[in-house]
Number of protein chains: 2
Amino acid sequence: MPRQLPQPSRDSLDLITILAALADPVRLTLMRAMYTRPGADDCAAVADGIEVGAPTISHHYRVLREAGLTTTTVEGRRRVVTIRREDLEARFPGLLAAVLAPEPADQPARA
Amino acid sequence: MPRQLPQPSRDSLDLITILAALADPVRLTLMRAMYTRPGADDCAAVADGIEVGAPTISHHYRVLREAGLTTTTVEGRRRVVTIRREDLEARFPGLLAAVLAPEPADQPARA
DNA sequence: GGTAACGTTCGACGGATGTCAAAGTATTTG
DNA sequence: CAAATACTTTGACATCCGTCGAACGTTACC
């Protein structure tokens, strides 16, 4: 049976905590990967290509979960992490889209 | 003549830096005050009611400006700080609205 | 010129944060 | 059971961050 790790309730989500959680290159990369990639991905798959050690990735996933950005489910010996889209949209409408949307290329499109 | 303090160009705005700048209670309060209050406010007026010393307020205004969130203009012996709405909307559409919009009351409205 | 007003800069201090290596905990597989 | 897999936890370390008191510019006003 998939067990779910503790996470803050929707009502107790705090914007400062959420912004602080997003204000890190590794965590923003993880969030973007989960956001653009549909379906639930496991930790290792998403973290693939990030140049920090496993303990650091684990630490960042914990920060995201404790900030209320993600839900972590234990499935066997792997963790499945998903973004709490509904809760976040309910409390801070438009935030995820504004922050995680792929940025337009730095060079303006030439006709 | 009003002199303008140095600030990053629109193209060099960095999301991580912006999120980090917003992820502080004092700075978020300053931004909200400037956002909801139309027209340009001077530092002291906006900072009124925040419980930290003057050097700290000054420090936070600098962080906001260096992150590209605000423009600071020197007018005589006071500074006028305004949010760079156009630049921010161009680079990160919807971000200001999502972050600075007054949060709905924590208690759900009862009919 | 002298003084008050407004804000900045400097230096210091304590607490938080990101990272890693080493050891630990479940869980699956042979 | 033993070994391998997939993460986590712990402890340490360096760095960054928010805050303050004190001193410093500028500008305005008498």
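A, B, ... follow the sequence lines: proteins, then strands. Residue 1 opens every chain.
Here the P atom of nucleotide dT26(D) and the CG atom of Leu5(B) are 13 Å apart, to the nearest Å. A straight line from CZ of Arg3(B) to P of dG7(C) spans 14 Å, rounded to a whole angstrom. What separates CZ of Arg78(A) from P of dA4(D) is a distance of 19 Å, to the nearest Å. For the pair Arg62(A) CZ and dG18(C) P, the interatomic distance rounds to 13 Å; values are reported in whole Å. Between Leu64(A) atom CG and dT8(D) atom C1' the separation is 16 Å, expressed in whole Å. Distance CZ (Arg77(A)) to C1' (dT25(C)): 13 Å, rounded to an integer number of Å. Per the geometry, CD belonging to Glu75(A) stands 15 Å off C1' belonging to dA26(C), to the nearest Å. Regarding Glu66(A), its CD atom lies at a distance of 15 Å from the P atom of dA16(C), rounded to whole Å.
Listed by chain and residue number, nothing satisfies the side-chain hydrogen bond (donor to acceptor under 3.5 Å, both in side chains) test with Arg32(A) (two or more places apart in sequence, or in another chain). For Pro8(A), the side chain to side chain contact (heavy atoms under 4.5 Å, CB included) test picks out Ser12(A), Leu13(A), Arg84(A), with sequence neighbours left out. Judged as a side-chain hydrogen bond (donor to acceptor under 3.5 Å, both in side chains), and not counting sequence neighbours, Thr56(A) has no contacts.
Screening residues 56-68 of chain A for salt bridge (Lys or Arg N to Asp or Glu O under 4.0 Å), with sequence neighbours left out, gives Arg62(A)-Glu66(A). Pairs passing the side chain to side chain donor-acceptor pair (under 3.5 Å) check and including a residue from residues 92-101 of chain B, sequence neighbours excluded, do not occur.
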Do nucleotides 13-25 of chain D as a string where each nucleotide becomes B, S or -: B if the base has a protein heavy atom under 4.0 Å, S if just the sugar-phosphate does, - if no protein is that close.
-----SBBBB---
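Within the 4.5 Å cutoff, side-chain heavy atoms of Ile83(A) are placed close to those of Met31(A).
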